[in-house]
Amino acid sequence: VKASCSSTTIMFRNMPRSLTQMMLLAELESQGFAGKFDFVYLPIDFEETTATSANFGHAFVNFVCHKDAALALECFDGFISWPTASEKPCEAVWREQCQGLAAHIKKYRNSAVMHESVPDANKPVLFAGGVRCVFPVATQPIKAPKMRRSQQAEYQ
């Protein structure tokens, strides 16, 4: 997919399933992107039967400007140096469906992933100048994510 010169959002594919949001943030920073991204989301599989929810193997990162996004795309495409075992090299691609910070806030602010029952470490996060900031409040009631009964107790 060819990016427009205004594209700022990258999708990372083939991420290690045991990678956590904290590990992803640390890796972005250690690769020189501290303060250069304003949105990060590593979707977690709430249906996973293990005690610790695994991620789906992909993440979305929005960068403050196109130049930094292009550099991150180059840096992470083929990346294998995650702090946890990876089956395949990372594939970094421009995200087609949802581009830019405003689009991500709109997509997720009323999403089930923002429900109070979801652990903070499993929610999309926003940053301003490298500092985590509060996600805008929902504009409508949020339904809890659908989970297996065995998991519901964990998130109460």
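For Leu126, the side chain to side chain contact (heavy atoms under 4.5 Å, CB included) partners are Phe39, Leu101, Ile105, Cys133, Phe135, Pro136, not counting sequence neighbours. Evaluation of the side chain to side chain contact (heavy atoms under 4.5 Å, CB included) rule for Lys107 yields Arg95, Cys98 as partners, not counting sequence neighbours. Among residues two or more places apart in sequence or in another chain, the side chain to side chain donor-acceptor pair (under 3.5 Å) test is passed with Ser81 by none.
A distance-only check finds no donor-acceptor pair linking the side chain of Arg109 to the backbone of Ala138 [under 3.5 Å]. Put simply, the side chain of Asn110 gets close to the backbone of Thr139: a donor and an acceptor are under 3.5 Å apart. A side-chain donor-acceptor contact under 3.5 Å links Thr20 to the backbone of Met23. Not a single donor-acceptor pair under 3.5 Å links the side chain of Arg17 to the backbone N or O of Gly57. Judged by distance alone, the side chain of Glu87 and the main-chain N or O of Asn14 form no donor-acceptor pair under 3.5 Å.
A heavy-atom distance below 4.5 Å is found between the side chains of Ile10 and Phe63. Side-chain atoms of Met15 and Arg13, non-hydrogen and from C-beta on, never get closer than 4.5 Å to each other. Using a 4.5 Å cut-off on side-chain heavy atoms (C-beta onward), Val40 and Leu24 make contact. The closest side-chain heavy-atom distance from Ser6 to His66 is not below 4.5 Å. Between Thr8 and Gln99 there is a side-chain heavy-atom pair separated by less than 4.5 Å. The closest side-chain heavy-atom distance from Pro43 to His58 is below 4.5 Å.
Across all non-hydrogen atoms, the minimal contact from Ser18 to Thr84 is OG-OG1, 2.5 Å. Pairing each heavy atom of Val118 with each of Pro145, the nearest pair is CG2-CG, 3.5 Å. The minimum heavy-atom distance between Leu28 and Phe12, with the atom names listed, is CD2-CZ, 4.4 Å. Minimum heavy-atom separation, Ser86 to Pro16: CB-CG, 3.7 Å. When all heavy atoms of Leu73 and Trp94 are compared, the closest pair comes out as CD2-NE1, 3.7 Å. Shown here for Tyr41 and Val113, the closest heavy-atom pair between the two residues is OH-CG1, 3.0 Å.
Taking the six-membered ring for Trp and thresholds of 30 and 60 degrees, Trp82 and Phe79 have ring planes more than 60 degrees apart, a perpendicular arrangement.
Taking OG1 from Thr9 and CD from Gln97, the interatomic distance works out to 11.0 Å, rounded to the nearest 0.5 Å. The line from OG of Ser7 to CD of Glu96 is 10.0 Å long, rounded to the nearest 0.5 Å. Between the OH atom of Tyr108 and the CD1 atom of Ile142 there is a distance of 13.5 Å, given to the nearest 0.5 Å. Summarising the geometry, atom SG belonging to Cys90 is positioned 11.0 Å from atom CD1 belonging to Ile80; distances are rounded to the nearest 0.5 Å.
Note on residues 132-142: pairs passing salt bridge (charged side-chain N to carboxylate O under 4.0 Å, His left out), not counting sequence neighbours, are Asp120-Arg132. Each salt bridge (charged side-chain N to carboxylate O under 4.0 Å, His left out) pair with one or both residues in residues 122-131, not counting sequence neighbours, would appear here, but there are none.
Using a 4.5 Å cut-off between side-chain heavy atoms of Ile, Leu, Val, Met, Phe, Trp and Tyr, with links allowed through other members, Val64 and Phe127 fall into different hydrophobic clusters.
In the displayed structure, Glu74 atom CD is contacted under 6.0 Å by at most 12 heavy atoms of other residues, nucleotides or ligands.
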Show me the donor-acceptor pairs, under 3.5 Å and distance only, between side chains in residues 31-38 and residues at least two apart or in other chains.
{"residue": "Gln31", "atom": "NE2", "partner": "Glu27", "partner atom": "OE2", "Å": "3.0"}
{"residue": "Asp38", "atom": "OD1", "partner": "Asn62", "partner atom": "ND2", "Å": "2.7"}

